[in-house]
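Here the structure is laid out as structure tokens; the discussion comes afterwards.
Quick caveat: nothing in here was measured; it's all calculated off a predicted structure.
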Amino acid sequence: MSGIFVTFEGIEGCGKSTQLALLANWLRGNGREVVTTREPGGTEVGEKIRAILQAGNSGDVFSERTEILLFEASRAQHVREKIFPALKDNKIVLCDRFVDSTAVYQGAARGIGHDVVKFLNDFASHGRYPDMTVFLDISIAASFGRIAARSNGRDRIEQEDERFFKRVRNHYLKLASENARFFTVAGTATVEAIHEKIRNEFAGKFFKN
């Protein structure tokens, strides 16, 4: 399977959706075929699951096991219906969240555990991991400030407390230190400065020839 698969990760408010869109525009401007997508979601089935996952208040509605299985169900459909076909057609796929979000949010912060999460991630993704993962790192204080400034309110997971998001961020940092596919960028720099760093990293990694 050819194509390039890049994911964007980080805690809430880090700016990953903005940076994904900027990279997509730059790539398209250079004549590349790009598919942008997100998790949970990306397909009709996945978007329905996304709506279920975001509803309600923090700490209620789902058990930890129910939550992770819903995320993985969305992923399984997403990979089969959208990600794999695009990669097979030699397109660049940019995805807002993927298996690493499950590892940190459900594995670390919810306490599901590494082995179970790895098995479920491998199963749902057919063992396909990103070629590059952009991790936008911001402090918990910055995250909370950006979430509070949003006009559309907080979804169920965004309502979690500071301890929860500390576990999330710490595990992201751990993953980034252990995996060469991670490219870590300080999410508090200007939008254009962050985009330039991501663009240069992408070009250096994939457009060498």
Would you find a donor on one side and an acceptor on the other, under 3.5 Å apart, between the side chain of [X] and the backbone of [Y]?
X      : Y      : value
Gln106 : Ile112 : no
Asn179 : Phe182 : no
Arg167 : Ala109 : yes
Arg181 : Met132 : no
Asn90  : Ser2   : no
Arg97  : Gly10  : yes
Arg38  : Cys95  : no

For a quick test of reading the model, state the closest non-hydrogen atom pair linking [X] to [Y] and the distance between them.
X      : Y      : value
Ile198 : Leu23  : CG2-CD2, 4.1 Å
Val99  : Pro130 : CG2-CD, 4.5 Å
Gly15  : Leu136 : C-CD1, 3.7 Å
Arg28  : Val34  : NH2-O, 3.1 Å
Ser74  : Gly41  : OG-N, 3.1 Å
Ala24  : Thr36  : CB-CG2, 3.6 Å

Do [X] and [Y] touch side chain to side chain, with heavy atoms closer than 4.5 Å?
X      : Y      : result
Ile140 : Ile11  : yes
His195 : Gln19  : yes
Tyr105 : Val117 : no

Checklist entry - Which of these passes side-chain contact (heavy atoms from CB on, under 4.5 Å) with Arg75: Leu120, Ile49, Thr102, Leu70? => result Thr102

Item to check | Trace of the salt bridge (charged side-chain N to carboxylate O under 4.0 Å, His left out) decision for Lys48 with Glu44 | outcome: CA-CA 7 Å; Lys48 290 177 180 177; Glu44 183 177 352; 3.8 Å; yes

Spatial distance of atom [atom1] ([X]) from atom [atom2] ([Y]) [nearest 0.5 Å]:
X      : Y      : atom1 : atom2 : value
Asn121 : Glu72  : CG    : CD    : 4.5 Å
Asn25  : Arg199 : CG    : CZ    : 12.0 Å
Leu20  : Phe8   : CG    : CZ    : 4.5 Å
Leu27  : Leu94  : CG    : CG    : 6.0 Å
His171 : His114 : NE2   : NE2   : 8.0 Å

Checklist entry - Crowded around Lys166 NZ? As in, over 12 foreign heavy atoms under 6.0 Å? => result no

Next on the checklist: Would you say CD of Glu178 has more than 12 non-hydrogen atoms from neighbouring residues, nucleotides or ligands within 6.0 angstrom?
Outcome noted: yes

Checklist entry - Would Arg169 and Asp137 pass as an ion pair if we require N to O under 4.0 Å? => result yes

Check whether [X] and [Y] end up in the same hydrophobic cluster, where Ile, Leu, Val, Met, Phe, Trp and Tyr are linked by side-chain heavy atoms less than 4.5 Å apart.
X      : Y      : answer
Val45  : Ile68  : no
Ile4   : Leu22  : no
Phe206 : Val185 : yes
Val116 : Leu69  : yes
Leu175 : Phe165 : yes

Item to check | Worked verdict on Glu67 versus Arg110 for salt bridge (charged side-chain N to carboxylate O under 4.0 Å, His left out) | outcome: CA-CA 10 Å; Glu67 183 180 80; Arg110 297 284 194 222; 2.9 Å; yes

Checklist entry - Going through the checks in order, is the ring pair (Phe, Tyr, Trp, His ring centres under 6.0 Å) test met by Phe98 and Tyr129? => result CA-CA 9 Å; Phe98 196 59; Tyr129 280 68; 7.3 Å; no

Checklist entry - Which is it for Val191 and Thr18 under the side-chain contact (heavy atoms from CB on, under 4.5 Å) test, yes or no, and what are the steps along the way? => result CA-CA 8 Å; Val191 170; Thr18 298; 4.1 Å; yes

Checklist entry - Any luck finding a side-chain donor-acceptor pair between Tyr172 and Ser177 under 3.5 Å? => result no

Checklist entry - In chain order, what residues pass the ring pair (Phe, Tyr, Trp, His ring centres under 6.0 Å) check against Phe71, with sequence neighbours excluded? => result none

Next on the checklist: Run the side-chain contact (heavy atoms from CB on, under 4.5 Å) test on Asp100 and Phe135 for me, step by step, so that the C-alpha distance in whole Å, both residues' side-chain angles and the decisive distance to 0.1 Å come before the verdict.
Outcome noted: CA-CA 10 Å; Asp100 299 303; Phe135 168 46; over 6 Å; no

When the side chains of residues 77-87 are checked against the rest of the protein, which donor-acceptor pairs come out under 3.5 Å, sequence neighbours left out?
unit_1	atom_1	unit_2	atom_2	d
Gln77	NE2	Glu81	OE1	2.8
His78	ND1	Glu39	OE2	2.9
His78	NE2	Thr37	OG1	2.7
Lys82	NZ	Gly42	O	3.4

Item to check | Criterion ring pair (Phe, Tyr, Trp, His ring centres under 6.0 Å) on Phe207 and Phe202, from CA distance to verdict | outcome: CA-CA 7 Å; Phe207 296 164; Phe202 185 98; 5.2 Å; yes

